[in-house]
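Some notes on the structure that comes next.
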Amino acid sequence: ARGLARAGAGAGAGAGAEERAEREVERLAAERVAAGRAAGGRGAGAEAGAGGGAALFKAAPRPGSLAALVEREARTRYLQDRCEEVLSEKELSRLREALLGWASGAESPPPGASGALDYCSFCAAANDAVGALGPRVAWHFAPSLFARLPQDRLGRVSVAALFEVVCGRNRRLQNRILLASYDSAGVGTLGSAELEAFVDEIQRRGLLQAVRTVPKAFRLRWLEMAAQKFLFFHGNPKGRARVQDVACGPVLEELNALQPDPYAFGSIHAALQRTAKNWFSVHSAQRVHHAFVGLDTDMDGLLSKEEFACFGDGGLTGLFVDRIFEAHAGRGAPGRRAGGMDFRAFTDFVIAWEGKKHRAALKYFFQVFDLQSVGFLTHVEVHSFFREVHQSWIAAGNYGELRIEDVSNEVFDMVKPREPGRITLADLVQSGCGATVVDILADLNAFWRYDNRESLMHEDEGEDEGDDGAPAGTSAYT
């Protein structure tokens with residue numbers, strides 16, 4: 001209404017512009033109520049219409065209309081109010097000092113001090129925090145939080161553990177508000193462009209200390225890969241992800257891991273190793289991009305089946321490669337360039353290959369193994385895929401006593417499907433051995449490691465090393 005008044009005053013409408021704007025808002029609201037009642041009466045639920053109930057579906061307001069402007073203004077003000085709940089670095093530092101003060105019994109705890117709080121000290125620290133920072137911090141000191149934290153034999157909780165929870169909550173709240181701000185349509189979902197803008201903003205704000213700078217020539221590719229991981233784990237068939245799923249999901253936690261706790265103690269070398277393995281780190285992104293460029297021998301921006309078959313150590317079978325292209329790349333996959341596997345499709349594959357234990361990754365590979373698209377795997381599919389692994393196994397000079405039927409039965413014994421002879425995606429996820437099944441049916445070298453797992457276990461020296469000397473969690477194609 002005030003916006004209409006300003007517009008009317010600028011056009012010389014006089015002092016009654018605001019009153020006319022208010023009447024326009026009331027008219028619009030009345031029309032919406034009437035339309036809702038009419039829709040309720042026309043629907044299958046006539047009782048809702050008779051009682052004046054609103055329609056279950058409300059069409060989005062027309063862009064540029066008064067309703068759209070009002071909704072946008074309301075959403076903006078709501079997010080501004082929520083921003084006031086986010087604690088700054090200085091406020092977090094003051095909160096930590098207060099907690100350490102109650103733990104040590106001193107108003108100014110010495111540097112590097114740590115301690116524990118019993119419930120009385122916890123409540124006293126909460127009162128001090130609310131008095132200093134306002135009621136917006138009260139939700140960080142709920143009694144249920146104290147009960148959930150690990151306690152020592154005296155019933156005390158660690159200040160470090162409590163402060164870590166507070167920082168995590170504060171960071172998630174900040175990310176949730178920022179994510180919602182990119183939902184310009186107010187539909188609760190974000191596309192690739194919005195997710196790229198979100199990652200770009202938090203990096204430019206300096207919230208990712210481990211990614212302070214991104215090479216200018218590589219920045220667009222890095223943002224594309226970051227958004228692609230969000231969409232892989234949380235995206236719907238339309239290529240959009242729910243804000244709620246992104247805000248509460250493991251992918252955002254991985255992104256937040258690039259913002260290390262400045263008060264945490266630990267090995268700097270270990271922290272650097274964790275950062276290098278993080279998907280959102282520049283090192284990891286360049287690793288994937290260099291792998292794609294290395295496979296693309298004709299440099300046309302697309303991978304052929306022959307080029308993709310060289311992925312890793314070249315152990316992928318021909319049938320598995322063919323099905324990857326049919327299900328997730330090329331002409332048959334929505335949103336992909338025809339003629340081969342583009343970089344986005346390759347990124348999806350790498351995300352799935354490196355995260356085989358996650359449901360989204362198992363769903364990706366289940367679509368590959370499901371030759372008939374019937375929603376379950378039988379001995380026929382398992383036999384067909386492992387037969388090619390077996391042929392490569394014999395060609396490599398391994399022992400020939402290995403029988404395809406034995407391995408097929410072993411797969412079904414591992415999964416233990418609810419319906420004998422039919423493995424569904426739910427069976428694969430619930431079994432906890434989905435990653436092993438993918439390795440057995442897709443990759444000769446992965447199957448060799450599975451078949452020799454006992455001898456490899458004895459050779460393990462206790463270090464977190466892969467078979468090729470690379471840190472666990474990285475791929476052989478690095």
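The first residue in the sequence is number 1, and the count goes up from there. A quick note: this is a predicted structure, and the numbers were derived from the prediction, not measured. The analysis underlying the following values was restricted to heavy atoms, covering all of them including side chains, and did not include hydrogens, waters or symmetry mates.
Here R344 pairs with E224 in a salt bridge; the nearest charged N to carboxylate O distance falls below 4.0 Å. Between D427 and K416, no side-chain nitrogen of the basic residue sits less than 4.0 Å from a carboxylate oxygen of the acidic one, so the salt-bridge criterion is not met. Between R449 and D439 there is no salt bridge, since none of the side-chain N atoms of the basic residue sits less than 4.0 Å from a carboxylate O of the acidic one.
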Donor-acceptor pairs under 3.5 angstrom involving side-chain atoms of residues 399-406: please list them, not counting sequence neighbours.
| residue | atom | partner | partner atom | Å |
| --- | --- | --- | --- | --- |
| Y399 | OH | D451 | OD1 | 3.3 |
| Y399 | OH | D451 | OD2 | 3.0 |
| R403 | NH1 | D406 | OD1 | 2.8 |
| R403 | NH1 | D406 | OD2 | 3.3 |

Can you list, pair by pair, the side-chain donor-acceptor contacts under 3.5 Å of residues 360-368, counting residues two or more places apart and other chains?
none

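In this view, Q151 satisfies the side chain to side chain donor-acceptor pair (under 3.5 Å) rule with no residue, not counting sequence neighbours.
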Chi angles and distances behind the side chain to side chain contact (heavy atoms under 4.5 Å, CB included) call for V211, N278: CA-CA 11 Å; V211 192; N278 192 299; over 6 Å; no
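Geometrically, R221 does not engage F218 in a cation-pi contact defined by less than 6.0 Å to the ring centre and at most 45° from the axis.
The closest side-chain heavy-atom distance from F369 to V438 is below 4.5 Å. Within the 4.5 Å cutoff, side-chain heavy atoms of L255 are placed close to those of I202.
Every pair passing ring pair (Phe, Tyr, Trp, His ring centres under 6.0 Å) that includes a residue from residues 427-447 is listed here, sequence neighbours excluded: F386-F447, W393-F447. Contacts classified as salt bridge (charged side-chain N to carboxylate O under 4.0 Å, His left out) and involving residues 197-206 (residues at least two apart or in different chains) are given here: D200-R204, D200-R219, E201-R205. Listed by first and then second residue, the ring pair (Phe, Tyr, Trp, His ring centres under 6.0 Å) pairs that reach into residues 410-442 are H379-F412, sequence neighbours excluded.
Aromatic ring centres of H328 and F349: separated by at least 6.0 Å.
For the residue pair E196/Y182, the side-chain donor-acceptor check at 3.5 Å is not satisfied.
Between F320 and W353, the ring planes are tilted. Angles from 30° to 60° get that label.
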